[in-house]
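Here the structure comes first, spelled out in structure tokens, and everything after it is commentary.
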Amino acid sequence: MPVLKDKELRIVGFLCNWCSYGGADTAGVARATQPTDLRIIRVPCSGRVDPLFIIKALFEGADGVLVSGCHPRDCHYSVGNYYARRRLEVVKQFLPVLGIDPRRFEYTWVSASEGQRWQQVVTDFTSQIHELGPAPRLEDAEPLLKLADMALSSLHALGTNRNAPLAELKEAIKAKLPELDCVIGWQQGYDQAHATPLFMTTPEDVDKLTWGPLNVMNPAVFLPQFKGKKVGIVVKGCDSRSVVELLQEKLINREDVVIFSMPCEGTLDMGRVNSVLGRYTRIDDIKYDDAAVTITADGKEHRFCMTEFAQGKCYSCVTPGAVIADTRLGQPVPVQPGSVTPPELAMLDAMTLEQRLGFWKGQMDRCLRCYACRNACPMCVCRDFCISDSRNPHWMNQGESPKDKLFFQTIHALHLAGRCTGCGECQRACPVGIPILALRQQIARAIGQLFDDYKSGMDQNAIPPLLTYAPEEKNIHEREWK
């Protein structure tokens, strides 16, 4: 059969060897007429279709991608398509944040005996892609540089934590210190306006401990390095979610970790703080009131109100108090019911698909490909086998094009699907301030919508949604397609 209309488009199909590939073969043997746009790649199982296959195809010029496997309960490998169903639905809901029309990707089920159904599926999908036309290319997009408005309402009162019982916390740590190899926290950095990690092994080290809106770093990133040792950690609410997720994945042992916590009222976005401070030679003074931090640099005062200069994650934070802790100090901060879309994600939601594509091109043009985002992530623990460094298979090159950089960011985000705790370390560590947390936030939103408002890092005994399956999915209705 000739193509439906106009010239042939580029459509990639990933077909299960045992069913859908057989269905396509059945249609061919029966001489059923089919569009010629589809290029088939045979895979052992739909469960073998890694999200990076789909993203790679779309980034490299495919106008559409179709995945087809065995019907649920008929998988040759018993449960492969159950796992695939969850991953593929998350990918489909993730594509719009990149500026890709989700209709360019579909997945379905076709058995080996359903030649006629295969003919209908491939014809309908090809027709759908022809209606959409050739896919926009990232390299052809008009770069768009835009910043999110951070002055938004939050789910709990933002403040400076100036009344936190820091002295009591230090005493609690000193009491436990003899039993531990070290305790991880924060200390003043190269000046009063910045904080750095602190590894406490002596009472004198504990006296250096700080607490407040400058403690932006997530100390949970260091815990896997101490596996098998007794270690303490001081956490904010978002940090504690990372600890819980590490426990869920058995990357640390609960009996080896002692957790200290106080309620958090928010942390400053140091990228924007530094841009206001500009170049300075010294910090003269720093003062806290209930609502703001006032920094005097080179004799000039700068007041940073928490409601305007907090990190984007703080506006939608639902865990100002630690999810898990052995020692809790201070009064919990009340959280308002409801939800707030993080500012970076709200900014992208307000854009068209074309604008989002241009936004990411503009942002990726600035990317240094330093991998600070990966190295700062507490859940990115496969650094010795990272796909960005792998040469066998060689999925990623070291190119400097926006497409190559966005491909890395996309795969990094998808590897954290159902695991990212939203701590924002990836974005905070970025030396050029690219809002890459929005990619993780979109996936977290999709995971919550699909799996009963699941939030990672909230329950030590929970199984991340993409590491399990259900024979019947409550919120995935893929059988309705064609």
Side-chain angles (χ1 to χ4, degrees), residues 160-268 270 286 288 319-333 375-379 381 421 423 425 428-429 457 460:
T160 60
N161 293 283
R162 71 170 184 155
N163 296 318
L166 180 58
E168 295 178 31
L169 176 61
K170 290 179 179 179
E171 290 303 317
I173 294 174
K174 289 178 181 179
K176 281 284 186 180
L177 198 57
E179 307 170 16
L180 305 171
D181 290 301
C182 79
V183 178
I184 309 170
W186 303 269
Q187 64 179 331
Q188 179 181 309
Y190 56 87
D191 61 34
Q192 296 179 68
H194 297 85
T196 58
L198 171 64
F199 297 88
M200 296 168 271
T201 57
T202 67
E204 291 73 24
D205 292 333
V206 179
D207 291 332
K208 301 175 185 177
L209 181 67
T210 63
W211 182 268
L214 299 176
N215 294 353
V216 294
M217 181 271 302
N218 184 351
V221 70
F222 300 108
L223 284 180
Q225 302 172 29
F226 288 91
K227 187 174 183 180
K229 297 183 178 181
K230 296 285 287 186
V231 61
I233 184 170
V234 184
V235 297
K236 308 183 294 293
C238 54
D239 305 334
S240 72
R241 291 181 59 185
S242 298
V243 176
V244 171
E245 189 66 29
L246 290 169
L247 289 169
Q248 282 182 252
E249 300 181 25
K250 297 180 173 44
L251 295 170
I252 57 175
N253 300 317
R254 181 67 182 94
E255 60 271 17
D256 293 338
V257 181
V258 178
I259 305 169
F260 303 89
S261 78
M262 290 193 296
C264 174
E265 296 176 4
T267 54
L268 285 170
M270 296 309 298
I286 182 168
Y288 298 89
T319 55
V323 176
I324 183 174
D326 297 298
T327 300
R328 297 178 186 267
L329 297 167
Q331 294 298 318
V333 180
N375 297 338
C377 176
M379 302 315 305
V381 294
T421 57
C423 70
E425 282 297 278
R428 184 196 63 81
Q460 180 182 338

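Numbers here are sequence positions counted from 1. Worth knowing before you read on, the calculation uses all heavy atoms, side chains too, and leaves out hydrogens, waters and symmetry mates.
- Remark: Met217 CE to Trp186 CH2 distance equals 6.5 Å, nearest 0.5 Å.
- Contact record, Leu246 with Pro224: CD2-CG, 4.1 Å, taken as the closest heavy-atom pair.
- For the atom pair CG of Leu177 and NZ of Lys170, the computed distance is 13.5 Å after rounding to the nearest 0.5 Å.
- Between Lys227 and Asp256 the shortest side-chain heavy-atom distance does not fall below 4.5 Å.
- No donor-acceptor pair closer than 3.5 Å links the side chain of Glu168 to the backbone N or O of Leu329.
- A distance of 10.0 Å separates CD1 in Ile252 from OG in Ser242, rounded to the nearest 0.5 Å.
- Put simply, the side chain of Glu265 gets close to the backbone of Asn161: a donor and an acceptor are under 3.5 Å apart.
- The shortest heavy-atom contact between Pro213 and Thr160 is CD-O, 3.1 Å.
- Looking at every heavy atom in both residues, Phe199 comes nearest to Cys182 through CD2-SG, 4.4 Å.
- Here the closest non-hydrogen pair linking Trp211 and Pro263 is CZ2-O, 3.7 Å.
- Closest approach of Ala376 and Val221 over heavy atoms only: O-CG2, 3.6 Å.
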Legend entry - Pair Leu223-Ile233, side-chain contact (heavy atoms from CB on, under 4.5 Å): steps then yes or no: CA-CA 8 Å; Leu223 284 180; Ile233 184 170; 3.8 Å; yes
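- Within a 6.0 Å sphere centred on NZ of Lys229, other residues, nucleotides and ligands contribute 12 heavy atoms or fewer.
- Checking Ile184, Leu209, Val183 one by one against Phe260, the side-chain contact (heavy atoms from CB on, under 4.5 Å) holds for a single residue, Val183.
- Using a 4.5 Å heavy-atom cutoff, the side chains of Lys208 and Gln188 are not in contact.
- Under a 3.5 Å cut-off, the side chain of Asp181 and the backbone N or O of Lys230 do form a donor-acceptor pair.
- Judged purely by atom type and a 3.5 angstrom limit, Arg254 uses its side chain to pair as donor or acceptor with the backbone of Val257.
- In this structure, the side chain of Glu425 does not engage the main chain of Cys377 through any donor-acceptor pair within 3.5 Å.
- For the atom pair OG of Ser240 and CD of Glu245, the computed distance is 12.0 Å after rounding to the nearest 0.5 Å.
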Inset, instruction - Begin from the C-alpha positions of Met270 and His194 and carry the test side-chain contact (heavy atoms from CB on, under 4.5 Å) through to its verdict. - result: CA-CA 8 Å; Met270 296 309 298; His194 297 85; 3.7 Å; yes
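- Checking Asn215 against Thr210 by side-chain atom types alone, a donor-acceptor pair falls below 3.5 Å.
- Atoms CG and OH, from Leu214 and Tyr288 in turn, are 4.0 Å apart once rounded to the nearest 0.5 Å.
- Partner of Ile173 under the side-chain contact (heavy atoms from CB on, under 4.5 Å) criterion, chosen from Asp205, Val206, Thr327: Val206.
- Side-chain contact between Pro219 and Asp239: present, with at least one pair of heavy atoms (C-beta onward) separated by less than 4.5 Å.
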Inset, instruction - Would you please test Leu180 and Val231 for side-chain contact (heavy atoms from CB on, under 4.5 Å) and show each step? - result: CA-CA 5 Å; Leu180 305 171; Val231 61; 6.0 Å; no
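- Side chain of Asp191 to main chain of Ala193: a donor-acceptor pair is present (N/O by atom type, distance under 3.5 Å, no hydrogens or angles).
- At a threshold of 4.0 Å, the pair Asp207-Lys174 counts as salt-bridged, since one of the basic side-chain nitrogens sits closer than that to a carboxylate oxygen.
- A donor-acceptor pair is defined here as one N or O able to donate and one able to accept, closer than 3.5 Å; such a pair exists between the side chain of Arg328 and the backbone of Ala322.
- No more than 12 heavy atoms of other residues, nucleotides or ligands sit less than 6.0 Å from atom CD of Gln331.
- Note that CE of Met262 is 5.5 Å distant from CG of Leu166, once rounded to the nearest 0.5 Å.
- The two residues Gly266 and Cys264 come nearest to each other via the heavy atoms N-SG, 3.2 Å.
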